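Reading through the structure tokens given below for one structure.
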Amino acid sequence: MARGKILRVSGPLIVAEGMEGSMVYEVVLVGDESLIGEVIGLQGDRAFIQVYEDTSGLRVGEPVEGTGSLLSAELGPGIVGKVYDGLQRPLSVIGEIHGAFVSKGVKLPALPRNVKWTFRKSLDVKVGDKVEGGSILGYVQETPILLHKIMVPPGLSGVLKELAPDGDYTVEETIAVVDVGGGEEKEVRLMSKWPIRKPRPYKTRLEPVEPLITGTRVLDMMFPVAKGGKAAVPGGFGSGKTVLLHTLTKWSRTQVNIFVGCGERGNEMADALHSFRKLSDPESGRPLSEKAIFIANTSNMPVAARETSVFLGVTIGEYFRDMGYDVLMVADSTSRWAEAMREISARLEEMPGDEGFPAYLGSRLAEFYERSGRVVTLGSPERVGSLTILGAVSPPGADFSEPVTTNTLRYIGALLALDVSLANRRHFPAINWLLSYSQYVETVAKWWERDFRDWLKLRNEALRILQRESELMELVRLVGPEALPDPDKLLLDVAKMIREDFLQQSAYHPIDAYSSPEKTVLMLDIIIRFYEEAAKTLNEGVPLSKIREAPVISRIARMKEVRNEEFRKVHEDIVKEISDYFRKLRTGELSGS
Amino acid sequence: MVLNLSVKEVRRALSARGSLLLVKSVEGIRYGEVVEVTLPSGESRVGQVIDVGKDVSVIQVFGGVSEVNVDSIKVRFKGETLKIPVSLDMFGRIFDGLGNPIDGGPRIIPEDWLDVNGAPLNPAMREPPSEFIETGISAIDALFSIVRGQKLPIFSGAGLPHNRIAAQIVRQATVRGKEERFAVVFAAIGVTYEEAYFFIESLKKAKNVENVISFINTASSPVIERIAVPRVALTTAEFLAWKHDIHVLVIMSDMTNYAEALRELSAAREEVPGRRGYPGYMYTDLATIYERAGKVTGKKGSVTQMPILTMPDDDITHPIPDLTGYITEGQIVLSRDMFRKGLYPPVDVLLSLSRLMKDGIGPGKTREDHYQVFMQMIAAYTEGQYLRELSAIIGAESLSERDRKYLNFADLFERRFINQGENERRDIETTLDLGWEVLSVLPEEELKLISVENIRKYHPKYRSSVRASVAADTQAG
Ligand SMILES: Nc1ncnc2c1ncn2[C@@H]1O[C@H](COP(=O)(O)OP(=O)(O)O)[C@@H](O)[C@H]1O
Ligand SMILES: [Mg+2]
């Protein structure tokens, strides 16, 4: 292992000499306090090292020690519900031991070593079977809603020689022995390690065809993200990126959710931690924190660790994907990671590209987003898992033409463009329906249409109305709304209804925060039916003023407040009210009233 | 950390440029450590090591080192990072940007020496801020409520009354049901002497403020010292909050001057400039200041920040307000338009935001209808603003009756609800009732964002008996 000396210290970057034999991305321990760093470049015997902790106090000549290993994540029971920093140090444990402030040089294992987990061996394997990476050896019920599957680590295969009986084990105790041939045996423990920069292998990649059900209407109905897909959420400050990502990690119908707070606010992490413990999962009724993992590298924590926090999150996501789960990982915000890249690059005196970002910005972003996907996993039994990635982007001045946004757009399948002007009007989620898109619409439509035949039709009709509205509004700005013909006025009314009574969804409303797929589709169904009936009635000569008096309009305005379970019934009622009212208008029964 | 007790010194510098000094490295220099620079004149300055190399190291000198003979500069390395003495005796005192007394009083006897950079708060140890601070200003309390431990800046423009608003907040702020008083730490960053002293004087008059500590870097003080002032002020605030359980409000004015100093420094270091010439790391740098606010599990005190900045050309997309908005928990934006209309406080209601509001309001904290009234007023005002623009083009007479009601609402909202006296204090009930009053000019069915129960309970139409007394109160208050 290399043993060198510090030659230069410049912020998070240090240069060390005497480092021959080290490799790029090797973890090194820097200085007398053994700060954690990673080699990012080599030149002769010189190593360029980014340090993941505060470098104040380092001196030229202090030792730098290679470790021979790559920066890795610890994977195993004890990971769920935790909050880690970018180096996977358990922040709550650190808080208990070291107090409220993060001090440097702290070394604590990510997974508790003394906790015993109840292991049940799998009935599908027995001693003498051939096993390979990904094969499931047994289970630990980590939380009431998360069954942690213990797998043979990727890269290891052979004959199962021993399998521990059901019982309680720490993460370091051996639960299986695999004869890998050539007289060599490998032990398997509840815990394994995986280098965070390296994608975990899988058998085959599948097309993302199932929608990720999020409970947020504008996603589920208008701009769906498929399980295993990738989407970006760009938006200026205050446009609602964080609240949207929190909401999605809270309510999405997945087995595991990972929230990476990368270079953002400490109070937001605190808020997430508290609210995930308080809120319960709509399906199981259990606290959301029992299926969530948090990674927090806030804006005031060392910048270089922003990069590790993002890759750590993805690695943990892939690990659970490999168990055959649907996993959602969100990163808030990828721009802060890109800025850290820019800072390190500037200190390396690399040739700056657009706005000072390094030329490899795009390829790094690609490496990250490419790790999403829906796959057939390695090992037996055969299973399918998915990792969906959503990344927030924070464009300076909300200008989407900047490098991080434009580079991100090259790699993603859905764009959820947040719009500050909508947010200023408190239209939340402030997703701009004219700028956003999803390449998953056609593929997930089939899934939706099994239960809701009209999903695609309703969606397209709603978007058409909104599109038409924006054209008409240009006119209105010139001539006023009264100058429009009645059918156009009606369309504007309905567009407003779609915006206010369907798209707007408060993240804080006890009922409306999560809208079930059924409620979502039926809500839009009501509005489109209203439109069809109203248009027909108008066409038959009934004045618009009569249509606008329909009492059902205020019922529609309040349908968000209806519980998911009760919605089907309410839908029936409202649909009936709509058809009755308009029929009466058309037949003249109501004209006198 | 191993303390190196032998004092290191170099007796000449290699070159000096602006605030940077290049020296030949001596063994054992630490990255980030503090140095004492003695100029040929005998004058001494504080500096900090910002790059350590085997041969040459770079020092940033507070106060600058231009036009000096580098051959006779002396540099003493202190072996530790920049620390300031802190103590409860600092109350009532005035210091410069590096913590030296400038009020003619004695040096303080330190209770502790603290690193001005602080240490990042462990996010897992933060307590989400949730205690509503009643400022008595309707616009703020109802629409962008502040909570203890929040960082909420004022985005202002040249000539707008941000100082008067901040002073009013300080005078009037209380936390309901708590008798605790609070302390104010004030950091003047490159503002005029008059501005700085306006503040100190108005703080002295505030009855609810137990004590004030001021750090003053005026327009004529060294630019480079501006890098230190907010950190020195926050270090003091943290000492009061985390060690002495005090609720501290930190006012820093003007953060634009801070950012300009940062840009100057970056240019001197010949760094690749980022957007509009500001350094690429400005976000991170500002975050190391703004993130030093909050509440901590197990500690009684809190640090609330109210930075003030002027938006160059009133442009909110300028990097200084932009990056600030990306870090702080909302912003109070002042509007030249409202100011021209003679309204006080001239806030831009639509651009302003408090991100922590939802945790500080509602039943038991303010009132159950608060969130809905807030959302409804914003929605109605947005509609009113849009219709104003429209009626400017097509004439008010071509608007429908409903639309004219919205115009009326927007007017009343500005003149009756937002507008208030500089010494007028409205409690939150008065504020919300006033909100209902202006909302009641709209047809009831337009109040879609308010639940039927709350309409029944608070709409003036259903509580006509209460209404008269509220009106009377409002006039009296
Ligand atoms: N879905 C939502 N429902 C209600 N309020 C929202 C919603 N999304 C955003 N907001 C409001 O907007 C504010 C800013 O949102 P946030 O997600 O923090 O923005 P960003 O991360 O883009 O800066 C929040 O504090 C909240 O008041
Ligand atoms: Mg955010």
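Reckoned from all heavy atoms, side chains included, excluding hydrogens, waters and symmetry mates. Note that the structure is predicted; figures quoted are calculated from it, not measured. Throughout, protein chains are lettered first and strands after them, A, B, ... in sequence-line order, and every chain is numbered starting at 1.
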Side chain, backbone, both or neither: which part of [X] has a heavy atom under 4.5 Å from chain B?
X: S421(A); value: neither
X: D85(A); value: neither
X: P551(A); value: neither
X: R265(A); value: both
X: T55(A); value: both
X: R306(A); value: side chain

Measuring heavy-atom distances to chain A, does [X] have an atom under 4.5 Å in its side chain, in its backbone, in both, or in neither?
X: Y283(B); result: side chain
X: Y386(B); result: side chain
X: K295(B); result: neither
X: A119(B); result: both
X: T328(B); result: backbone
X: V452(B); result: both
X: L286(B); result: neither
X: L353(B); result: both
X: T317(B); result: both
X: I29(B); result: backbone
X: P321(B); result: backbone
X: L350(B); result: both
X: T81(B); result: side chain

Which one wins on heavy-atom pair count under 4.5 Å against chain B: [options]?
options: P352(A), S394(A), A296(A), G263(A); result: S394(A)
options: H427(A), E268(A), R336(A); result: R336(A)
options: E561(A), R477(A), Q504(A), E482(A); result: R477(A)
options: E500(A), R342(A), H98(A), E62(A); result: R342(A)
options: E355(A), H274(A), M269(A); result: H274(A)
options: A346(A), G238(A), S333(A), G356(A); result: G238(A)

Does [X] pair with [Y] as a salt bridge, N-O distance under 4.0 Å?
X: E383(B); Y: K496(A); answer: no
X: R231(B); Y: D285(B); answer: yes
X: E17(A); Y: K54(B); answer: yes
X: E238(B); Y: R292(B); answer: yes

Item to check | Residues that F428(A) engages under side-chain contact (heavy atoms from CB on, under 4.5 Å), provided they are two or more places apart | outcome: A423(A), R426(A), A430(A)
Checklist entry - Do you know which two heavy atoms are closest between G397(A) and D322(B), and how far apart they sit? => result N-OD2, 2.7 Å
Next on the checklist: Can you give me the closest heavy-atom contact between Q372(B) and S451(B), atom names plus distance?
Outcome noted: OE1-N, 3.0 Å
Checklist outcome for this item: Residues pairing under side-chain hydrogen bond (donor to acceptor under 3.5 Å, both in side chains) where one sits in residues 348-363 of chain B, two or more places apart or in two chains, turn out to be Q150(B)-S354(B)
Hey, which of [options] has the most heavy atom pairs under 4.5 Å with chain A?
options: G294(B), A124(B), G32(B), S25(B); answer: A124(B)
options: T382(B), I394(B), V349(B), D51(B); answer: D51(B)
options: V296(B), I327(B), V49(B), V272(B); answer: I327(B)
options: Q385(B), E329(B), M375(B); answer: E329(B)
options: R275(B), E33(B), E445(B); answer: R275(B)
options: G149(B), P273(B), P129(B); answer: P129(B)

Sidechain-backbone polar pair: [X] side chain, [Y] backbone, donor-acceptor under 3.5 Å:
X: K241(A); Y: G235(A); result: yes
X: Y84(A); Y: N297(A); result: no
X: R89(A); Y: I94(A); result: no
X: K104(A); Y: D54(A); result: yes

Checklist entry - Does the separation of the ring centres of F294(A) and F276(A) fall below 6.0 angstrom? => result yes
Next on the checklist: Taking the ring centre of each residue, are H318(B) and Y278(B) less than 6.0 Å apart?
Outcome noted: yes
Checklist entry - Are T324(B) and Y290(B) linked by a side-chain donor-acceptor pair shorter than 3.5 Å? => result yes
Checklist entry - Taking C-beta and beyond as the side chain, do L492(A) and K489(A) meet within less than 4.5 Å on heavy atoms? => result no
Next on the checklist: Between M125(B) and L91(A), is there a side-chain heavy-atom distance shorter than 4.5 Å?
Outcome noted: no
Checklist outcome for this item: Against chain B, residues from residues 5-15 of chain A with at least one heavy atom under 4.5 Å, in numeric order, are L7(A), R8(A), V9(A), S10(A), G11(A)
Next on the checklist: Below 30° counts as parallel, above 60° as perpendicular, anything between as tilted: where do the rings of F155(B) and F237(A) land?
Outcome noted: perpendicular
Item to check | Partner residues of R126(B) under the salt bridge (Lys or Arg N to Asp or Glu O under 4.0 Å) criterion, sequence neighbours left out | outcome: E291(B)
Checklist entry - Given the rule in the side chain to side chain donor-acceptor pair (under 3.5 Å) test, do D332(A) and T242(A) qualify, once you have shown the distances and angles that lead to the verdict? => result CA-CA 7 Å; D332(A) 183 16; T242(A) 304; 2.7 Å; yes
Checklist entry - Does K448(B) NZ have over 12 foreign heavy atoms under 6.0 Å away? => result yes
